[in-house]
Each structure stands twice: as C-alpha cells, then as structure tokens.
Amino acid sequence: QLQLVETGGGLVQPGGSLRLSCVASGSTLDHYAIGWFRQAPGKEREGVACITANDGVTNYLDSVKGRFTISRDNAKNAVYLQMNSLKPEDTAVYYCAAKPSYYCSGLRGADFGSWGQGTQGTVSS
C-alpha cells in the first residue's frame, strides 16, 4: 500500500520561501504522476502543480507560475514543491497525491488515489 508523508510547512513572512517534501513508502513512485494540492479555510481544494512519472513534464496553477517549482527524485522516492515569493493568499494545508499514470492530464483531485496527511503553510507578517 502506497503511503505519502508531507513535511516542510511552517510560518513565513510575505516574500519568503518554503520547501515542501513528499516521501513515499510501501511502493516506488517511478510509475506515478505526482500532484500537489492545497486547501485554504472556506475554499475548495485546488490543484497547484503536477509532474509526470518519467520525463519531468510539469504543469502549474496559473497563480503560482514563476513562483513555485515541482521536482522529483525517484532514487529517494520523493517529490518536492519549492515555493518562493509567497503571498498571504498561499496560506493553506498542502497535500501531495499520487496518480497511477505516467501523465498528469490536468489537476483534478479525483484522479489521484493516494494522499498524504497534509502540511500547513502559513504566510503572514
């Protein structure tokens, strides 16, 4: 059974950075596309970024393009989300999730079958 654990959340000031990690156990990630999602209080869950299983093709939510970078290290069975130039509206619980596919094909949460427990990122002065 694939299990995912997110770490790296915390409190930062506007303009600061956080680097989130998603580490898998129970299975390898090399045949999964991996997505990052977030949910803020009172808002619907939204897809933030996705990376394909093998060739590293990525896609992003428009509001984070140029600020966030998703990457993966299959040798470490891990996926990362580097978040720079953070804004208060980025405050949310961030989740990683695995899709049993080589391809992202969008950022629909229903397409992802395995989810981590989430990590809180807070951007405030």
Side-chain angles (χ1 to χ4, degrees):
Q1 182 180 356
L2 178 65
Q3 296 180 340
L4 305 174
V5 177
E6 303 97 332
T7 58
L11 174 64
V12 296
Q13 294 183 337
S17 297
L18 287 170
R19 187 172 189 256
L20 308 183
S21 297
C22 173
V23 179
S25 61
S27 185
T28 59
L29 291 177
D30 58 340
H31 291 92
Y32 292 88
I34 304 297
W36 284 95
F37 298 80
R38 67 186 182 186
Q39 188 165 24
K43 295 185 178 180
E44 297 294 321
R45 182 180 62 195
E46 62 182 352
V48 176
C50 186
I51 186 166
T52 58
N54 295 109
D55 60 10
V57 175
T58 59
N59 62 72
Y60 297 91
L61 181 69
D62 284 345
S63 63
V64 309
K65 287 180 179 178
R67 300 189 296 122
F68 291 11
T69 302
I70 187 171
S71 61
R72 67 191 299 160
D73 186 342
N74 285 344
K76 290 181 165 56
N77 225 23
V79 179
Y80 309 99
L81 185 67
Q82 179 68 45
M83 305 191 295
N84 298 327
S85 302
L86 284 164
K87 306 173 181 178
E89 52 263 45
D90 295 317
T91 296
V93 178
Y94 285 78
Y95 302 89
C96 66
K99 178 182 178 181
S101 172
Y102 292 102
Y103 312 108
C104 290
S105 300
L107 288 167
R108 292 182 64 252
D111 295 335
F112 293 76
S114 298
W115 293 77
Q117 84 291 345
T119 186
Q120 175 73 46
T122 302
V123 185
S124 177
S125 59

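This is a predicted model, so every value here is computed, not measured.
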Any donor and acceptor pair, going by atom type alone, linking the side chain of Gln39 with main-chain N or O of Ala92 inside 3.5 Å? no

Could you walk me through whether Asn59 and Cys104 pass the side chain to side chain contact (heavy atoms under 4.5 Å, CB included) check? CA-CA 8 Å; Asn59 62 72; Cys104 290; 3.4 Å; yes

Tyr32 and Ser27, any side-chain heavy atoms less than 4.5 Å apart: yes

Might you point out which heavy atoms bring Pro14 and Ser125 nearest each other, and give the distance in Å? CD-N, 3.7 Å

Does the side chain of Arg38 reach to within under 4.5 Å of the side chain of Asp90, using non-hydrogen atoms? yes

State yes or no: do Val48 and Leu86 share one hydrophobic cluster built from I, L, V, M, F, W and Y residues joined by side-chain heavy-atom distances below 4.5 Å, directly or via other members? yes

For a 4.5 angstrom cut-off between non-hydrogen side-chain atoms, does Ser105 reach Lys99? yes

Identify the two heavy atoms, one from Ala33 and one from Cys50, that lie closest to each other, and give their separation to 0.1 Å. CB-SG, 4.3 Å

Val64 with Trp36, same ILVMFWY side-chain cluster at under 4.5 Å: yes

Hydrophobic cluster membership, Leu4 vs Val23, 4.5 Å side-chain cutoff: no

Joint hydrophobic cluster, Val123 plus Leu61, side-chain heavy atoms closer than 4.5 Å: yes

Among the clusters formed by ILVMFWY side chains lying less than 4.5 Å apart, do Ile34 and Tyr102 turn up in the same one? no

Distance check, rounded to the nearest 0.5 Å: Ser21 atom OG versus Gln82 atom CD? 9.5 Å

If we ignore hydrogens and angles and just use 3.5 Å, is the side chain of Tyr60 paired with the main-chain N or O of Arg67 as donor and acceptor? no

Heavy-atom pair with the smallest gap, counting every atom of Asn84 and Ser17: OD1-OG, 2.8 Å

Here the gap from Ile70 atom CD1 to Met83 atom CE, rounded to the nearest 0.5 Å, amounts to 12.0 Å

Carboxylate-amine/guanidinium contact Asp62 Lys65, below 4.0 Å: yes

By the ring pair (Phe, Tyr, Trp, His ring centres under 6.0 Å) test, which pairs, at least two apart or in different chains, include something from residues 104-125? Phe37-Phe112, Phe37-Trp115

CG/Asn77 to CZ/Arg72 distance, rounded to the nearest 0.5 angstrom? 9.0 Å

Okay, side chain of Glu6, backbone of Thr119: is any donor-acceptor separation there less than 3.5 Å? no

Leu18 side, atom CG; Leu11 side, atom CG - distance, nearest 0.5 Å: 8.5 Å

Quick one: pull up CG in Leu29 and OG in Ser114 and give me the separation to the nearest 0.5 Å. 9.5 Å

Can you tell me how far the OG1 atom of Thr58 sits from the CZ atom of Phe68, to the nearest 0.5 Å? 14.0 Å

In terms of heavy-atom contacts, Ser101 and Ala53 come closest through O-CB, 4.0 Å

Residue pairs meeting ring pair (Phe, Tyr, Trp, His ring centres under 6.0 Å), one or both in residues 74-99, sequence neighbours left out, come to none

